[in-house]
Amino acid sequence: MKSQLKHLSYLLACFVAIAMVAPGVSAQNTTEDVRVSIDEPAIVIGESMNVLARDATSISDLKSSGIIEPEDLKIPKGITRYDLVTFDHAALNKGVQQGTLLVQIHGKDYTVDLNRMTFENLDDGIDSFEGSIQGVKESDVLLTTGSNVLVGSVVFNNETFWIMPVEPRARAERSQSPLHIIYSSKDVEHQEEPVTIDYGPVAPESEYSTGSDQRTELHVDGTRQYYTVTILVATDNEFYQDQTNWKAIAQDIIATANQQFGRDDVQVSLCVMGYDDSRRIQLSNHPEIISDPLGAFWDVYPLLDLDAWSSDLGLYLGGYDHSTGVQGAAYGFTNNGRHAWAQMVTDWDDGAYWGTTHGRRCVSIHEIGHNFNADHESTPGYNQAYAFNGGLTHTVMWSYYFEHLNCYEFSSDDYHGDATHDNARAIREAKAWVAGYV
């Protein structure tokens with residue numbers, strides 16, 4: 001399998017170069033020697049976006065555009081070109097809340113229609129919106145906004161633009177307009193080797209489950225009706241400090257997950273009970289935070305605490321590079337698995353997972369999938385992942401990760417799968433049990 005993936009990556013390793021010219025357009029309090037661009041960025045979000053560096057490819061480019069201490073910015077490895085921008089968040093959020101957003105893509109103006117997503121009832125000033133571009137059939141927009149943050153993606157035909165904040169928390173708190181980057185899917189490196197997401201669902205220690213709760217047979221519920229599964233999302237001190245607003249990133253992940261779990265052949269709503277960082281120091285100080293982050297998460301947030309949060313599941317977004325090279329882990333459904341961990345940062349040992357917005361979304365959905373009995377390719381049974389588009393696109397439960405090959409969708413007999421590659425069915429049959437944990 002690994003050799004086949006190497007071959008696929010070789011076939012895909014032709015880089016798309018977009019000719020763009022001068023950097024810089026707009027000034028703010030973190031710039032010096034601002035220069036005026038003679039052309040427009042590939043994408044302009046809203047009417048109040050300021051471009052500070054155009055087509056940056058290195059820290060040197062940011063320095064030459066007057067950015068102070070650019071080496072402190074959290075720009076994922078693997079992004080070869082990006083625009084450094086700021087937003088007037090009050091103006092941007094006003095338009096988004098009203099349901100429309102103006103964007104300019106490759107010099108042409110478009111209108112985005114947006115709807116607010118309602119998967120959490122938290123009054124934290126962070127909201128997610130989904131929609132599409134008027135008149136563009138192959139489009140999808142997902143944006144999460146806050147008072148000083150914008151996270152998300154804009155799919156335009158065969159290209160995806162990613163928006164992510166890149167300033168650490170302490171630095172971002174000193175500015176009303178923290179620095180963000182916008183980059184295209186065409187400006188991310190093609191990996192030479194796949195990275196392993198995980199080795200399948202983890203069997204927890206015997207203390208994890210309590211007596212009669214542990215079982216080996218699935219609870220089958222094939223009905224086509226919605227179930228609400230509650231989830232607690234937590235993080236450690238490293239991710240908390242390194243990000244402009246970790247809760248916005250967490251909400252972007254859950255918003256993306258809900259787009260897939262909410263499909264007609266799955267019908268699950270993930271309802272967030274809290275984005276909790278109250279135990280971030282305890283998590284960071286756990287002796288196994290690097291070697292066994294999933295176990296550390298279980299220790300710090302045991303089952304009784306998930307119950308106290310009225311949360312069926314718990315997801316830990318980790319700010320440390322795991323020592324054995326996997327990007328996530330989850331306790332499996334057949335062991336009443338309720339905990340999952342996803343790595344949010346570059347894997348420096350393996351070198352091909354960078355913690356991009358796309359990577360964070362894929363790995364997190366993958367691990368939550370294990371909590372619902374979804375599994376990898378080439379496993380016994382019908383709950384297998386699937387490769388489509390001639391084998392060049394992998395559904396989200398594929399065991400290996402390629403930045404350009406993995407998508408967010410589960411395999412399904414209705415699309416991207418068949419009777420023996422149907423993660424959607426596995427989730428559908430498990431959802432009543434998972435929703436009944438608390």
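Index from 1, following the sequence.
For Asn115, the side-chain contact (heavy atoms from CB on, under 4.5 Å) criterion is met by no residue, not counting sequence neighbours. Remark: Ser139 pairs with no residue by the side-chain hydrogen bond (donor to acceptor under 3.5 Å, both in side chains) rule, at least two apart or across chains.
The shortest side-chain heavy-atom distance between Thr80 and Val188 does not fall under the 4.5 Å cut-off. Using a 4.5 Å cut-off on side-chain heavy atoms (C-beta onward), Phe333 and Glu429 make no contact. In this structure the side chain of His358 reaches within 4.5 angstrom of the side chain of Glu403, judged on heavy atoms. Using a 4.5 Å heavy-atom cutoff, the side chains of Val266 and Arg428 are not in contact.
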Worked verdict on Tyr316 versus Tyr301 for ring-ring contact (aromatic ring centres under 6.0 Å, His included)
CA-CA 10 Å; Tyr316 163 38; Tyr301 288 87; 8.4 Å; no

Please determine whether side-chain hydrogen bond (donor to acceptor under 3.5 Å, both in side chains) holds for the pair His376 and Asp198, giving the CA-CA distance in whole Å, both sets of side-chain angles, and the decisive distance to 0.1 Å.
CA-CA 9 Å; His376 298 169; Asp198 61 34; 2.7 Å; yes

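In this structure, Asp252 contributes its side chain and Ala248 its backbone to no donor-acceptor pair below 3.5 Å. With hydrogens and angles ignored, the 3.5 Å screen pairs no side-chain donor or acceptor of Asp321 with any backbone N or O of Val345. When atom types are taken as modelled, the side chain of Arg116 and the backbone of Gln97 share no donor-acceptor pair closer than 3.5 angstrom.
Under the 4.0 Å criterion applied to side-chain N and carboxylate O atoms, Asp305 and Arg279 are assigned as salt-bridge partners. The pair Asp307-Arg338 counts as a salt bridge, with a side-chain nitrogen and a carboxylate oxygen less than 4.0 angstrom apart.
The ring-ring contact (aromatic ring centres under 6.0 Å, His included) test with His416 singles out one residue from Tyr408, Trp398, Phe388, and that residue is Phe388. The residue from Phe161, Tyr82, Phe87 that alone fulfils the ring-ring contact (aromatic ring centres under 6.0 Å, His included) condition with His180 is Phe87.
Under the 30°/60° scheme for interplanar angles, the aromatic rings of Phe372 and Phe261 are found to be tilted.
Within 6.0 Å of the CG atom in Asn389, the count of heavy atoms belonging to other residues, nucleotides or ligands exceeds 12. Heavy-atom neighbours of Glu173 CD from other residues, nucleotides or ligands within 6.0 Å: above the threshold of 12.
For residues 263-274, the salt bridge (Lys or Arg N to Asp or Glu O under 4.0 Å) pairs, not counting sequence neighbours, are Arg263-Glu409. Screening residues 225-250 for salt bridge (Lys or Arg N to Asp or Glu O under 4.0 Å) gives Lys74-Asp242 as the qualifying pairs, with residues at least two apart or on separate chains.
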Per-pair distances, 0.1 Å, donor-acceptor, side chain in residues 283-290, under 3.5 Å, sequence neighbours excluded:
{"residue": "Ser284", "atom": "OG", "partner": "Asn237", "partner atom": "N", "Å": "2.9"}
{"residue": "Ser284", "atom": "OG", "partner": "Arg280", "partner atom": "O", "Å": "3.2"}
{"residue": "Ser284", "atom": "OG", "partner": "Tyr320", "partner atom": "OH", "Å": "2.8"}
{"residue": "Asn285", "atom": "ND2", "partner": "Ile281", "partner atom": "O", "Å": "3.3"}
{"residue": "His286", "atom": "ND1", "partner": "Glu288", "partner atom": "N", "Å": "3.0"}
{"residue": "His286", "atom": "NE2", "partner": "Asp299", "partner atom": "OD2", "Å": "2.8"}

Listed pairs under 3.5 Å, donor-acceptor, residues 141-154 side chains, sequence neighbours left out:
{"residue": "Thr144", "atom": "OG1", "partner": "Ser128", "partner atom": "OG", "Å": "2.7"}
{"residue": "Ser153", "atom": "OG", "partner": "Arg361", "partner atom": "NH1", "Å": "3.1"}
{"residue": "Ser153", "atom": "OG", "partner": "Arg361", "partner atom": "NH2", "Å": "3.3"}

